[in-house]
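Okay, so here's the structure we're looking at.
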Amino acid sequence: MFEITKYADRLLSDLDTVNYLPKIKKQQEEWIGRSEGAEVDFELHFVKDPSANENRGPNGEKARITTFTTRIDTLFGATYLVLAPEHLWVTLATDDQHDLLENKEEVKAYVESVKVRPEIERTAEGKEKTGVELKGVKAINPATGEQIPVFIADYVLPQYGTGAIFGDAHDVRDVAFAKKYNVPLKEVLIPTVYDHRNPPQEGKENTFRKTVLVIVRDPETNKYLCLKWKKQPWTTFITGGVEEGEDAIEASRREVEEETGYSDLRLIRPLGGMIESQFFAAHKNVNRRVHSQTVFFELVSRTQKERTQEEQEQYDLLWLTEEEVVAAKLQHGDFETFWPRVITGDDVFTGEGVLIDSGEYTGMKSEDARSVMTERYGRLVVKYKLRDWVFSRQRYWGEPIPLIHCEKDGWVAVPDAELPVRLPEVEKYEPTDNGESPLSTIDSFVNTKCPECGGAAKRETDTMPNWAGSSWYFLRYIDPKNDQAFASKEALKYWTPVDLYNGGMEHTVLHLLYSRFWNKFLFDRGHVPTSEPYARRHSHGLIMSEDGTKMSKSKGNVVNPDDIVNEFGADTFRVNILFIGPFEEAAPWTTNGVIGVRRFLDKTVRLVEKIAEVEDPAVTKMLHKTIVKITEDIENFRFNTAVAQLMIFVNTVQERGAITKESLGTFLKVLAPFAPHVANELWEKIGGEGFAEIQPWPVADTSILVEDEMQIAVQVNGKIRATITMPVGATDEEIVAKARAEENVAKYVTIEPKKVIVVKGKLVSFVV
RNA sequence: GGGCGAGUGGUGGAAUUGGUAUACACGCAUGCCUUAGGAGCAUGUGCGAAAGCAUGAGAGUUCGAGUCUCUCCUCGCCCACCA
């Protein structure tokens, strides 16, 4: 096991010092998965065996379970505790020494059932949550002092946090579990809405009301009951205050009957918890803070009592469809919060809001509550998703781990002089049936002498994973023949860090992380000069199969490059891959373009027939333009447009009919990285020395590229009406005058324009 | 469920900071040269008769939007009961 978690902080913070693609950085960050949270202790209370309550720790503390949470602000709503089935406390409580549980056998059976299930199944999404209550023991909520039940459930993972959580009403998983096992839930957090259209005003009285907001749906028409106000320009749902001694459901029924006359309603359910809104109530001239409960009903019968005169004067009833409700922009500041609950039925609130029912913290914002409650009830801790690295493998294929086990001296490292430990020659290297390494059956390998005492000892037979070599092979490549060290200090200093590491996205998480860790370890021990192994990390897209799916041998939809190489040549294949699309994006393989690339290379080969003493200045100019473009494109991984530019150059030469030998040579140097065979073939033909690709990279003469004319687009009210050509030195006035003189422009600009915009060298825009 | 990315001609795709959308290539059409053509060369090719209209849909900002903002749709990749 490698303690990579000890490097978690550095692996995260050092990302600031390297140039990785943002998405690669993000993946590293997420894999390391730092989260700040709190550990909270829950004391246990033993019901079955009260004597256990007297067992105190060395400092007089009671038995307790430590939970991890990032939302300590919901602590007052912790109505149960859940431990991972593998939690140490559970293991102890179910062993033969203890008799604390009323349902020990049931618990043991559940723990067993979880063990035999593969992890893939356990973590599958949408899986029904399972668990068992630990009967005979209660936990004490440190905030409320209440006794709460304790469960074990497989949705709590043993390796994350402390392997124990408290369950509350503000986590979808907890709510799903609590509903299934009939654990009561308690809302302690509500969303808060600040009405920006009618914000609370300075100096007005602040008032508080509990209200209901009632949504009534007619199941036959799927329409919702709304009120269209007569004296105000708005439409609302039915709302009203909750009176003394009334609950939200009763208040809702009363309001609906009063305001609309409907009374035959079927309750669907209250939608989520309350919502706090703050606004200025103009009609009462007070600031309002409202806790509103949304309640959802279905209309059973359309029988309607007559509404009072007063009600009829205030508003008309209106039935609106879902689309119409959204379009009507109802006069509710919290519409965005409660309406999704109607539509999706998803009403567990997990966001940031205001605490309710939380003792002295009631009314506090959740963010603020977290820091003060952590101080009072818990300890601030940082957790990582990153786990330690299980490094040993039970197979033949891998570097042997150079350790020897001696009965007397324990684990002893193989002395440096005997390194490396080599794999023995074997006929069979398949895994054994008993799960042990295949090496364990080879006595000549296993049996050895203890380097300490010289007595009989056994070698470690596990081997290293493939990641071992891939984490640092590039360091050896620097100085492969060195027999004193894996590479000399000088060579390391010269070559590292690696300037650019390009690879597929499949290696951006594990391999990148492992090799960074490995390098940091070597750095700490003084073996490499830099803490980070790679200065820059880029990635390429995948070439997909023609049907757009990933190529795989098992699917048989692979394209064999050899076929293309045989038919069209290696250069064609190479250039085509670059030309197919942006380097970073996945693209389906297609042979459609191959012929085009082949034609381009054929034309390129024929360029030698066009060698002449003089060439058209257009060719010279295009050559230098090409050098600039290719140089930039390579720098930015835009190989597809680089290839396009190569084609443009060849087309230009063909069009103009002649090229000097010197220009062709220059072109071959920029062609060489893309089509090395063709480039070198021609390079030799024109008498070039050595290889084209090792010549100094050409430098463009930018003075040739300066234009003496400019093309200027002329817009009138944003529409292109003409293009004019002007000498580069032309003033704005000259350009505008020429533009206005254009027939097609004059047609639209008949009066003096309101505004004229001139963009240097690009366009003129008239606004009329 | 979360994260990231992408939607532009018949097709793959260009368009550096908001400034002439469709570069380059495939395909297609017509012609030339050919005994022949999966060769070569030339010309044309977003839609529309035209005014005009077009970058997944809809809104917004702007003199001007493929590019910026918001809402939504579709597809791809990665991660996923991480408290």
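Each chain gets a letter, A, B and so on, in the order its sequence line appears, and its residues count up from 1. A quick note: this is a predicted structure, and the numbers were derived from the prediction, not measured. Atom set for the values below is all heavy atoms of this structure, side chains included, hydrogens, waters and symmetry mates excluded.
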Could you tell me whether [X] contacts a base, only the sugar-phosphate backbone, or nothing, with contacts defined as non-hydrogen atoms closer than 4.0 Å?
X	result
A/Tyr80	nothing
A/Lys719	sugar-phosphate
A/Thr69	sugar-phosphate
A/Phe579	base
A/Thr723	base
A/Ile712	nothing
A/Ile580	sugar-phosphate
A/Gln27	sugar-phosphate
A/Leu763	base

From [atom1] of [X] over to [atom2] of [N], roughly how many Å is that when rounded to an integer?
X	N	atom1	atom2	answer
A/Gln715	B/A21	CD	C1'	13 Å
A/Ile757	B/A65	CD1	C1'	14 Å
A/His540	B/C78	NE2	P	13 Å
A/Trp31	B/G3	CH2	C1'	14 Å
A/Glu655	B/G40	CD	P	18 Å
A/Met726	B/U20	CE	P	18 Å
A/Glu632	B/A15	CD	P	12 Å
A/Glu567	B/A39	CD	P	12 Å

Partner nucleotide of [N] by Watson-Crick or wobble geometry (both distances under 3.5 Å):
N	result
B/G46	B/C53
B/G12	B/C24
B/C41	B/G31
B/A6	B/U74
B/A80	none
B/G60	B/C68
B/U17	none

Span that lies between the [atom1] atom of [M] and that of [N], in whole angstrom:
N	M	atom1	answer
B/C53	B/G66	P	13 Å
B/G19	B/G64	P	15 Å
B/G7	B/G13	P	9 Å
B/U62	B/C68	C1'	10 Å
B/G10	B/U20	P	23 Å
B/U16	B/A23	C1'	14 Å
B/G18	B/A65	P	14 Å
B/U22	B/A54	C1'	11 Å

Between A/Ile165 and A/Val759, which is nearer to the 5' end of RNA chain B once each is assigned its nearest nucleotide?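 Per heavy-atom nearest nucleotide, the more 5' residue is A/Val759.
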By nearest nucleotide on RNA chain B, pick out whichever of A/Val643 and A/Arg721 is the more 5' one.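 With A/Val643 and A/Arg721 compared, the 5'-side residue is A/Val643.
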Taking only the side-chain heavy atoms of [X] (C-beta and beyond), determine which of [options] contains the nearest atom.
X	options	answer
A/Lys755	B/C79, B/C63, B/C24	B/C63
A/Lys762	B/G19, B/A83, B/C41	B/G19
A/Ile595	B/G52, B/A25, B/G27	B/G27

Compare side-chain N and O positions of [X] against OP1 and OP2 of [N] and report whether any pair is under 4.0 Å apart.
X	N	value
A/Gln654	B/C41	yes
A/Lys26	B/G3	no
A/Asn651	B/A25	yes
A/Asn640	B/A14	yes
A/Arg599	B/A39	yes

Is the glycosidic torsion of B/G76 within 90° of 0, making it syn, or is it anti?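 Anti, which is what one calls it when the glycosidic angle falls more than 90° from 0.
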Salt bridge check: are A/Arg370 and A/Glu36 linked by an N-O gap of less than 4.0 Å?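 No, no charged N to carboxylate O under 4.0 Å.
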Is there a donor N/O on one and an acceptor N/O on the other, under 3.5 Å, for the side chain of [X] and the base of [N]?
X	N	result
A/Glu29	B/G3	no
A/Lys129	B/C81	yes
A/Glu584	B/G5	no

Neighbour count >12 (heavy atoms, 6.0 Å) for atom [atom1], [X]:
X	atom1	value
A/Lys179	NZ	no
A/Lys625	NZ	no
A/Lys180	NZ	yes
A/Glu635	CD	no

Are A/Tyr501 and A/His511 close enough, and set up right, to give a ring-ring contact (aromatic ring centres under 6.0 Å, His included), and what steps lead you there? CA-CA 12 Å; A/Tyr501 167 16; A/His511 173 251; 5.8 Å; yes
Within a strict 4.5 Å, meaning less than it, do heavy atoms of the [X] and [Y] side chains meet?
X	Y	value
A/His170	A/Glu187	yes
A/Asn141	A/Phe166	no
A/Phe177	A/Phe151	yes

